[in-house]
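Reviewing the structure listed below.
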Amino acid sequence: MRKPIIAGNWKMNKLVAEGARFVVDIREKVPSGDEVDTVVCAPFVHLPFLTEAAREYHVQIGAQNMHYEESGAFTGEVSPQMLEDLLVDYVIIGHSERRQYYNETDETVNKKTLAAFENNLNPIVCVGETLEQRDNNETMSFVEGQVRQALDGLTEEQAKQVVIAYEPIWAIGTGRTATSEQANEVCAHIRKVVKDQFGEDVSEAVRIQYGGSVKPANIEELLGMSDIDGALVGGASLKEEDFLKLVEAGQNAR
Ligand SMILES: O=C(CO)COP(=O)(O)O
């Protein structure tokens, strides 16, 4: 049985004091990590305090991006080693906003995914199609290509541990959620791609999240689907009350 994973992606929101208050307020209310993985992915400047505040609690802390090199002349970048040094648990890789605005490619996504494992970070690898691709019936082939390239070169153990987030771009921040059937159909296809690439053991273990306008009102139905193991949540992860409801839905999902 795959453990549900609920991850908030704050994107470029919250000042440090606001982020700190959020985690301090929720940390005692978050259920045991045996039942559900609860992750807060915050901007870099929050990470030193948040990893400290979350220690001894069941909140895990994630970054939203990183470079794939360990160090060097890359002005403005943050390395996997730096995240590991802060005891960060997760890192989002290849979010569609980074692919769209910051030249993230399937190649850099692959390098970052490999680098995450070299530095004891759990990657959350994002994939998903545009509305145009969906309308042209290219969703399955496009997402398949993204998954294959992202996971290329991983060992079976690493592939089991990776989290894949299926986030259709047209459903992000638009209030327009994919129906649970639409979301599940693509998540099931992703699992099949992973099976072709790594075998059934891996595909049955790998966790696949849905992301795109997830909120307390729709999460239960999404988590009830056969191939959706969690959610990557933007807007609704910014409010403590809503985020805790999402985590509770995760706790009750299996
Ligand atoms: O991009 C997302 C999470 O990474 C989804 O954002 P929203 O939940 O705001 O649609």
Side-chain angles (χ1 to χ4, degrees), residues 4-14 18-19 22 26 36-44 46-47 50 59-66 88-102 104 109 112-113 116 121-131 133-134 139 142-143 146-147 150 162-180 182-184 186-187 190 207-223 225 228-250:
I5 173 166
I6 306 297
N9 174 11
W10 287 352
K11 307 192 178 181
M12 196 173 70
N13 291 293
K14 291 192 190 293
E18 294 166 337
F22 182 104
I26 67 159
V36 56
D37 280 328
T38 303
V39 187
V40 171
C41 299
F44 291 128
H46 291 257
L47 299 176
L50 294 190
V59 183
Q60 295 178 285
I61 302 300
Q64 299 173 5
N65 177 43
M66 65 178 189
V88 166
D89 306 290
Y90 284 86
V91 58
I92 298 175
I93 293 174
H95 191 280
S96 61
E97 287 150 16
R98 297 214 57 89
R99 294 181 191 253
Q100 187 179 352
Y101 305 129
Y102 304 102
E104 194 82 75
V109 168
K112 290 179 182 191
T113 304
L121 301 162
N122 296 297
I124 299 177
V125 175
C126 300
V127 298
E129 81 286 3
T130 63
L131 188 56
Q133 288 167 325
R134 175 157 287 264
T139 299
F142 180 71
V143 169
Q146 286 184 315
V147 170
V162 83
V163 176
I164 300 171
Y166 168 57
E167 300 203 311
I169 293 171
W170 48 272
I172 294 179
T174 58
R176 185 174 161 188
T177 328
T179 64
S180 40
Q182 280 175 323
N184 195 54
V186 182
C187 291
I190 291 171
R207 293 184 295 176
I208 304 175
Q209 296 176 307
Y210 167 76
S213 300
V214 174
K215 44 189 180 277
N218 59 24
I219 188 149
E220 279 173 32
E221 187 177 332
L222 287 161
L223 294 183
M225 305 305 287
I228 301 178
D229 307 311
L232 183 58
V233 188
S237 76
L238 294 170
K239 284 202 207 132
E240 293 171 16
E241 196 189 328
D242 285 351
F243 185 63
L244 285 170
K245 281 185 192 156
L246 299 171
V247 170
E248 194 186 329

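In listed order, ligands and their atoms are each counted from 1. Just so you know, residue 1 is the first one in the sequence shown, and it goes up from there. Below, each value reflects all heavy atoms present in this structure, side chains not excepted, and no hydrogens, waters or symmetry copies.
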Looking at side-chain heavy atoms only, is the closest gap between His46 and Val40 below 4.5 Å?
no
Taking any residue with a non-hydrogen atom under 4.0 angstrom from an atom of ligand 1, which ones do you get?
Asn9, Lys11, His95, Glu167, Ala171, Ile172, Gly173, Gly212, Ser213, Leu232, Val233, Gly234, Gly235
Starting from the C-alpha separation in whole Å, work towards a yes-or-no answer on side chain to side chain donor-acceptor pair (under 3.5 Å) for Glu167 and His95.
CA-CA 8 Å; Glu167 300 203 311; His95 191 280; 3.1 Å; yes
Check side chain to side chain contact (heavy atoms under 4.5 Å, CB included) between Asn218 and all other residues, then give those that pass, not counting sequence neighbours.
Thr177, Val214, Lys215, Leu222
Do you know which two heavy atoms are closest between Arg98 and Gln64, and how far apart they sit?
CD-O, 4.1 Å
Hey, mind stepping through Ile5 and Tyr90 against side-chain contact (heavy atoms from CB on, under 4.5 Å) and telling me if it holds?
CA-CA 11 Å; Ile5 173 166; Tyr90 284 86; 3.7 Å; yes
Which class fits the ring pair Trp10 and Phe22: parallel under 30°, tilted 30 to 60°, perpendicular over 60°?
perpendicular
